[in-house]
There are 2 protein chains.
Amino acid sequence: MPNQGVAFDQIFQALADPTRRAMVERLTRGPASVSDLAKPFPMSLPAVVQHLQVLELAGLVRSEKIGRVRTCRLEPDGLRRAEGWIAAQRTAWEGPLDRLGEFLAAGADDSAHADQQKGPAS
Amino acid sequence: MPNQGVAFDQIFQALADPTRRAMVERLTRGPASVSDLAKPFPMSLPAVVQHLQVLELAGLVRSEKIGRVRTCRLEPDGLRRAEGWIAAQRTAWEGPLDRLGEFLAAGADDSAHADQQKGPAS
DNA sequence: CGGACGGTCAAGCGATCGCTTAAGTATCGG
DNA sequence: CCGATACTTAAGCGATCGCTTGACCGTCCG
């Protein structure tokens, strides 16, 4: 069972490769076999399988072999984990008060007006 | 300046390293100088700067040198781009098919008949 | 049965990654 | 002006990455 507590290292590393991202995009449109998944790419089949293993180890994809065909499908939990981490960082920065801190740190000289119309309260 | 249309490759690659993610987390709590940013880590200063360059090239961090101090701050746009891509894939998977597609593919053996019970969508 | 199909295993190779040390360059403090 | 501070640059080294080729195994079809 592809561990659910996979490290972010593996998730982001998996997503860092364009081939692997293209595979994920392909899999959002439905499950696919290995060779089916390999067709768009100009590389050998073992290379594709290696990418697939990276995705699987990261918990982004699950695959099951029936007969001689391995069928791969997306595992949205991995994606959700990555999205959650990013959102946490982004909101930690945008949330409390820090945009102002940035402004102050940049130019503490002419603080005549401190009300920029930024921040559409997302 | 680091282009805003930076490739996802660089963004996810930058996020794939635990040291770099820790730096991002640190920067959500406010701007920091290079050596300040380096303090929590058991590595040499040049190593930290190299990580910083990766983050900056990915458009996740911006830095400005004043006097002999380089001050780094978070660039939320990069984070938002990454989050957007992930969300797009996740919703592309979860949206149109619901979970039914996944369920059918897992339990059913072929596409000839699709008359299993339907509507377990939560 | 025999061959094609779908995938797997193993070795290896060049490129990149993360990190190091050593030796700079600029600024600031006294 | 001199030393300390805050990086910066460059070279190098072992480990990992992405990909290849070649051999192999199990499954389906005629």
Side-chain angles (χ1 to χ4, degrees), chain A residues 2 6-27 30-58 60-73 105 108, chain B residues 2 6-27 30-73 105 109-112:
Chain A
V6 198
F8 288 116
D9 290 40
Q10 301 169 258
I11 297 178
F12 287 123
Q13 183 73 289
L15 258 25
D17 187 277
T19 302
R20 249 131 43 193
R21 278 199 313 280
M23 286 175 176
V24 168
E25 289 179 357
R26 165 64 186 80
L27 286 176
S33 73
V34 171
S35 40
D36 200 24
L37 207 48
K39 256 158 200 143
F41 305 106
M43 65 183 69
S44 68
L45 210 161
V48 169
V49 174
Q50 281 164 14
H51 281 305
L52 224 25
Q53 281 174 347
V54 173
L55 287 168
E56 204 159 350
L57 199 65
L60 294 167
V61 161
R62 180 150 33 143
S63 75
E64 185 191 4
K65 191 162 184 175
I66 300 173
R68 60 179 170 176
V69 176
R70 175 170 300 275
T71 303
C72 310
R73 80 186 89 270
Chain B
V6 197
F8 288 116
D9 290 41
Q10 300 169 257
I11 298 179
F12 287 123
Q13 182 73 296
L15 257 25
D17 187 277
T19 304
R20 256 142 23 203
R21 278 199 313 278
M23 286 175 176
V24 167
E25 288 178 358
R26 165 65 185 80
L27 286 175
S33 73
V34 170
S35 39
D36 200 24
L37 205 50
K39 256 159 202 143
F41 305 107
M43 65 183 69
S44 69
L45 210 160
V48 169
V49 175
Q50 281 164 13
H51 281 303
L52 225 25
Q53 282 174 347
V54 173
L55 287 168
E56 205 160 350
L57 198 67
L60 293 168
V61 161
R62 178 144 40 139
S63 75
E64 184 192 5
K65 190 161 187 175
I66 300 173
R68 60 179 169 175
V69 176
R70 174 170 301 274
T71 303
C72 309
R73 81 181 99 277
D109 47 355
D110 60 8
S111 55

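Chain letters run A, B, ... following the sequence lines, proteins first, then strands; residues in each count from 1. Values below: every heavy atom of this structure, side chains too, minus hydrogens, waters and symmetry copies.
Residues passing the side chain to side chain donor-acceptor pair (under 3.5 Å) test with B:Glu25 are A:Trp85, sequence neighbours excluded. For the salt bridge (Lys or Arg N to Asp or Glu O under 4.0 Å) test, residues two or more places apart in sequence or in another chain that qualify with A:Arg26 are A:Asp36. Partners of B:Arg20 under the salt bridge (Lys or Arg N to Asp or Glu O under 4.0 Å) rule, at least two apart in sequence or in another chain, do not exist in this structure. Contacts of A:Thr19 classified as side chain to side chain contact (heavy atoms under 4.5 Å, CB included), with partners at least two apart in sequence or in another chain: A:Asp17, A:Met23, A:Phe41, A:Met43, A:His51. Residues that satisfy the side chain to side chain contact (heavy atoms under 4.5 Å, CB included) test with B:Val49, not counting sequence neighbours, are B:Val34, B:Leu45, B:Gln53. Partners of A:Ser33 under the side chain to side chain donor-acceptor pair (under 3.5 Å) rule, at least two apart in sequence or in another chain, do not exist in this structure. For B:Gln10, the side chain to side chain contact (heavy atoms under 4.5 Å, CB included) partners at least two apart in sequence or on another chain are B:Val6, B:Ala7, B:Leu57, B:Ala58. For A:Pro18, the side chain to side chain contact (heavy atoms under 4.5 Å, CB included) partners two or more places apart in sequence, or in a different chain, are A:Arg21, B:Asp9.
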>> Working note: B:Leu52 + B:Cys72, criterion side chain to side chain contact (heavy atoms under 4.5 Å, CB included); need CA distance, chi angles, decisive distance, verdict.
In response: CA-CA 9 Å; B:Leu52 225 25; B:Cys72 309; 3.8 Å; yes
> In the 5'-to-3' direction, what one-character label does each nucleotide of nucleotides 8-14 of chain D receive under the scheme B = base within less than 4.0 Å of a protein heavy atom, S = sugar-phosphate only, - = no such atom?
Replying inline: BB-----
>> Walk along nucleotides 24-30 of chain D from 5' to 3' and tag each nucleotide B, S or - by protein heavy-atom contact under 4.0 Å, base first, then sugar-phosphate.
In response: --BBS--
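Dashed line: the shortest gap from a side-chain N or O of B:Ser44 to OP1 or OP2 of C:dC19 is not under 4.0 Å. In this structure, A:Ser35 reaches the C:dG7 phosphate: one of its side-chain N or O atoms is under 4.0 Å from OP1 or OP2.
The shortest side-chain heavy-atom distance between B:Leu60 and B:Leu15 falls under the 4.5 Å cut-off.
The side chain of B:Ser33 approaches D:dC7 more closely than any other nucleotide in the set D:dC7, C:dG18, C:dT20.
Atoms CZ (A:Phe41) and P (D:dG18) sit 14 Å apart, rounded to a whole Å. Regarding A:Lys39, its NZ atom lies at a distance of 11 Å from the P atom of C:dC5, rounded to whole Å. The CG-C1' distance, from A:Leu52 to C:dC9, rounds to 16 Å in whole Å. For the pair A:Gln13 CD and C:dC17 C1', the computed distance is 9 Å after rounding to whole Å. Rounded to an integer number of Å, the gap from CG of A:Asp9 to C1' of D:dC17 is 15 Å.
Remark: A:Asp17, A:Arg20 in residues 15-25 of chain A come within less than 4.0 Å of DNA chain D through at least one heavy atom.
Note on the helix from C:dC1-D:dG30 to C:dG30-D:dC1: terminal axis deviation equals 20°, with five pairs used at each end and the result rounded to 10°.
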